[in-house]
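Each chain gets a letter, A, B and so on, in the order the sequences are listed, and its residues count up from 1.
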2 protein chains.
Amino acid sequence: MAAPEPHGDTRAPEGTSPLGDDLGFALGVVFRAYAKGAQAVIGKIPGGPRGYQILTAAASDEAGSQSSLAQRLGIDRTVMTYLLDDLERQDLVRREPDPADRRNRHIVATPRGREQLCDAEKQLRLVEDHILGGISAEDAGTLRDLLRRLAERLHGLDPTGNLCSAAAEAASPAAIGL
Amino acid sequence: MAAPEPHGDTRAPEGTSPLGDDLGFALGVVFRAYAKGAQAVIGKIPGGPRGYQILTAAASDEAGSQSSLAQRLGIDRTVMTYLLDDLERQDLVRREPDPADRRNRHIVATPRGREQLCDAEKQLRLVEDHILGGISAEDAGTLRDLLRRLAERLHGLDPTGNLCSAAAEAASPAAIGL
DNA sequence: TATTGTTATACTCTATAACTATA
DNA sequence: TATAGTTATAGAGTATAACAATA
């Protein structure tokens, strides 16, 4: 989503839940609530969720070159160029030359980038607490456990869904897709 | 969704999860898995998820006029026109004149529309089963229950508006505690 | 010739606004 | 004047393709 989110958010209706109150519906509501919260935090970073992903990778020195990073995050390499332009403009990451292969640009986080990332992570934890605020600590633990077990299995079945998409695509109306 | 989701064949880096294995990550993976399956089912309906929502409302005779339906679903009224054009073109819904107010168009589902909706619902149940396949029936029930409780609460934060507003509230910096 | 990164173009989706017809 | 619906225009976002530099 990059941009501060258009306003055309399509959500589920009131009494006419398309999926009734079944799993898909509840899952969607909870996910979108989390996604919205995450967006509020991550929206400040240029490129939104994807900027956050890039920043995370850069901060842990796992970013590598632009194209390898793009491939890993499922971002088009041409889009990666624009995203990095924006991040670099705000001094959150830097493109450094690779002595070994001068075609490559190595992506690294600046001190300012690390700082901003750290802040975002803290705030994301608060969002999480807010979402889980409706149930007991014990139930919250159960939920985490169940979701993690499902996620592990699903991830093994189809590694296509990269994690960022999780918090990340949250913001993208397109990705919400239902 | 909208677009059949790019080619994101992205392998999620195991140890580098931006959010670790916390809630947001697991939630995102599970949601995305469901969304992907749902997309396969609903993608056949013109307008995708929104077409499905419209069809659902129309089939239960709760659609009403175009603009009231649009408002309820959080869809722009101009977009509603296009969506209905597509749905009508495939004989899934009809626009019927309202004798009381000739400005209004009452949206109703055609037999073909009801049939297609019924098929989609059946298939969505299969998707759900697939997602929950990794855990026991008892755990699945627990998960459903917990998610429903969270969803109800999140939804209840703003009973007047649609889910969009509810989620937005969760996203507000104040709610997050900033 | 293949690959990294950049730039230019076209396409999709959506919102804004202007328009018609009813009220 | 206000509202329901339609149509036209413009914008954001993204993918496709053409390009430059390096291998």
Side-chain angles (χ1 to χ4, degrees), chain A residues 1-11 39 43 46-51 53-54 58 63-89 93-108 165 168-178, chain B residues 1-10 39 43 46-51 54 63-89 93-108 164:
Chain A
M1 77 134 12
E5 174 105 331
H7 17 228
D9 267 351
T10 304
R11 289 308 108 96
Q39 167 60 22
R50 290 177 306 182
Q53 296 176 228
I54 294 169
S65 70
Q66 289 190 199
S67 59
S68 70
L69 179 60
Q71 188 174 12
R72 203 149 49 94
L73 297 180
I75 299 172
D76 193 275
R77 66 175 187 158
T78 66
V79 175
M80 178 62 77
T81 296
Y82 301 132
L83 292 172
L84 288 174
D85 285 348
D86 294 340
L87 288 168
E88 206 170 26
R89 204 170 293 130
V93 305
R94 267 197 319 259
R95 289 185 240 228
E96 296 191 337
D98 179 352
D101 186 337
R102 281 190 299 178
R103 289 174 304 181
N104 289 347
R105 310 286 211 102
H106 194 70
I107 307 304
V108 296
S165 327
E169 306 208 349
S172 153
I176 293 174
L178 199 253
Chain B
M1 88 90 224
E5 182 90 339
H7 38 252
D9 197 343
T10 312
Q39 165 61 22
R50 290 178 307 181
I54 294 170
S65 72
Q66 290 190 199
S67 58
S68 70
L69 179 60
Q71 188 175 11
R72 205 145 51 90
L73 297 180
I75 299 173
D76 193 274
R77 67 176 186 155
T78 65
V79 176
M80 178 62 77
T81 296
Y82 300 133
L83 292 172
L84 288 174
D85 285 348
D86 294 341
L87 288 167
E88 206 170 26
R89 203 170 294 128
V93 304
R94 266 197 319 257
R95 289 185 242 228
E96 295 192 338
D98 178 352
D101 186 336
R102 281 189 299 177
R103 289 175 302 183
N104 289 348
R105 310 288 210 101
H106 194 69
I107 307 304
V108 296
C164 184

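- Put simply, CZ on R50(A) is 12 Å from C1' on dA12(D), counting in whole angstrom units.
- Distance CG (D85(A)) to C1' (dG5(C)): 11 Å, rounded to an integer number of Å.
- When the P atom of dT16(D) is taken as reference, atom CG of D76(A) falls 7 Å away, rounded to whole Å.
- Across all strands, T78(A) comes closer than 4.0 Å to base atoms (heavy-atom distances).
- Between Y82(A) and R77(A), the one whose closest nucleotide on DNA chain D sits nearer the 5' end is Y82(A).
- As rounded to whole Å, 10 Å separates atom P of dG5(C) from atom CG of L69(A).
- Note that the OG atom of S68(B) and the CG atom of L73(B) stand 9.0 Å from one another [nearest 0.5 Å].
- Summarising the geometry, the separation between CG on L83(B) and C1' on dA15(C) is reported as 14 Å, rounded to the nearest angstrom.
- Within 4.0 Å of S67(B), counting heavy atoms only, lie sugar-phosphate atoms of the nucleic acid but no base atom.
- In this structure, CD1 on I107(A) lies 8.0 Å from CD1 on I54(A), to the nearest 0.5 angstrom.
- Contact of the V79(B) side chain with the R50(B) side chain is registered, since non-hydrogen atoms from C-beta on lie closer than 4.5 Å.
- Going from atom CE of M80(A) over to atom P of dT4(C) covers 13 Å, rounded to whole Å.
- Residues R95(A) and Q66(A) bring a donor and an acceptor atom of their side chains to less than 3.5 Å of each other.
- Using modelled atom types and a 3.5 Å distance limit, the side chains of T78(A) and T81(A) yield no donor-acceptor pair.
- For T81(B), whose side chain is taken as the heavy atoms from C-beta onward, the closest listed nucleotide among dT7(D), dA15(C), dT6(C) is dT7(D).
- Remark: C1' of dT6(D) and CD1 of I107(B) are 13 Å apart, rounded to the nearest angstrom.
- One finds the CZ atom of R89(A) at 11.0 Å from the CG atom of L84(A) (value rounded to the nearest 0.5 Å).
- Within residues 98-105 of chain B, the residues that have a heavy atom under 4.0 Å from DNA chain C are, in order of number, D101(B), R102(B), R103(B).
- Every residue meeting the salt bridge (Lys or Arg N to Asp or Glu O under 4.0 Å) condition with R103(B), not counting sequence neighbours, appears here in chain and number order: D101(B).
- Rounded to an integer number of Å, the gap from CD1 of I75(A) to P of dA15(D) is 10 Å.
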